Amino acid sequence: QVQLVESGGGLVQAGGSLRLSCAASERTFRHYAMGWFRQAPGKEREFVAAIKWSDGSTYYAEYYVDFVKGRFTISRDNAKNTVFLQMNSLKSEDTAVYFCAASRQGLRLADFGSWGQGTQVTVSS
């Protein structure tokens with residue numbers, strides 16, 4: 001288990017930006033695939049973005065679901081054991097609790113064995 005703590009959520013106007021952070025306790029953090037998920041009230045949890053080593057472990061590959069492409073960017077700072085989600089051009093439908101999660105490699109929901117507590121993002125229209 002990797003301990004994860006999210007921060008950076010809050011209230012923002014539509015069209016605005018927020019940067020979420022997720023701090024990890026694991027010393028081998030740089031080898032974990034990290035993902036961001038979100039869950040709106042009454043809705044199922046959905047994948048947002050992920051970052052992981054390429055097949056050859058030569059660089060970090062980024063993955064995004066269609067509804068955030070061009071607006072959100074995932075990144076990581078391995079020296080600080082932290083992953084970020086930069087969210088731009090926010091829409092009211094982005095309102096949700098955002099969770100970060102860690103996986104040894106896979107990007108399926110079941111592959112993420114460690115989860116943060118979530119941080120609330122509210123976008124006003």
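Quick note: residue numbers are just sequence positions, from 1. Note that the structure is a prediction, hence the values are computed from the model and not measured.
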Checklist entry - Under a single-linkage definition using a 4.5 Å side-chain heavy-atom cutoff for Ile, Leu, Val, Met, Phe, Trp and Tyr, are Leu107 and Val83 assigned to the same hydrophobic cluster? => result yes

Checklist entry - Can you find a heavy atom in the side chain of Leu18 that is under 4.5 Å from one in the side chain of Leu90? => result yes

Item to check | Heavy-atom neighbours of Gln105 CD exceed 12 at 6.0 Å | outcome: no

Checklist entry - Would you say the side-chain atoms of Tyr64 pair up with the backbone N or O of Ile74, donor to acceptor, closer than 3.5 Å? => result yes

Checklist outcome for this item: In short, Tyr98 meets Glu6 closest at the heavy-atom pair O-OE2, 3.8 Å

Item to check | Sub-4.5 Å side-chain heavy-atom contact between Thr119 and Leu20 | outcome: yes

Checklist entry - Say you draw a straight line from CD of Gln117 to SG of Cys100; how long is it, rounded to the nearest 0.5 Å? => result 7.5 Å

Checklist entry - Side-chain donor-acceptor pair under 3.5 Å between Asp77 and Thr82, yes or no? => result no

Item to check | Nearest heavy-atom neighbours spanning Ser124 and Gln13 | outcome: OG-OE1, 3.1 Å

Checklist entry - Which pairs count as ring pair (Phe, Tyr, Trp, His ring centres under 6.0 Å) when at least one residue sits in residues 66-93, sequence neighbours excluded? => result none

Item to check | Where Ala24 and Val2 come nearest, the two heavy atoms and their spacing | outcome: CB-CG1, 4.0 Å

Checklist entry - Counting only N and O atoms by type, is there a donor-acceptor contact under 3.5 Å from the side chain of Ser25 to the main-chain atoms of Gln3? => result yes

Item to check | Hphob cluster co-occupancy, Val121 + Val5, side-chain heavy atoms under 4.5 angstrom | outcome: no

Checklist outcome for this item: Closest heavy-atom pair, Ile51 versus Ser75, reported as atoms and distance to 0.1 Å, is CD1-CA, 4.1 Å

Item to check | CD-CG distance between Glu46 and Leu109, expressed to the nearest 0.5 angstrom | outcome: 12.0 Å

Checklist entry - Excluding sequence neighbours, so at least two apart, what forms salt bridge (charged side-chain N to carboxylate O under 4.0 Å, His left out) with Lys43? => result none

Checklist outcome for this item: CE (Met34) and CG (Leu85) are apart, to the nearest 0.5 Å, by 11.5 Å

Item to check | Gap separating the OG atom of Ser114 from the CG atom of Leu4, nearest 0.5 angstrom | outcome: 5.5 Å

Next on the checklist: Any non-hydrogen side-chain atom of Met87 less than 4.5 Å from a side-chain atom of Arg71?
Outcome noted: no

Checklist entry - Which pairs with one or both residues in residues 111-122 pass salt bridge (Lys or Arg N to Asp or Glu O under 4.0 Å), sequence neighbours excluded? => result Arg108-Asp111

Checklist entry - With a distance cut-off below 6.0 Å to the six-membered ring centre and an angular limit of 45° from the axis, does Arg38 pair with Phe99 as a cation-pi contact? => result no

Checklist outcome for this item: Between Ala40 and Thr95, the two heavy atoms sitting closest are CB-O, 3.7 Å

Checklist entry - Would you call the rings of Trp115 and Phe37 parallel, tilted or perpendicular, where under 30° means parallel and over 60° means perpendicular? => result tilted

Checklist entry - For the residue pair Tyr32 and Ala102, what are the closest heavy atoms and their distance? => result CD2-CB, 3.9 Å

Checklist entry - Any chance the side chains of Tyr60 and Glu62 put a donor and an acceptor closer than 3.5 Å? => result no

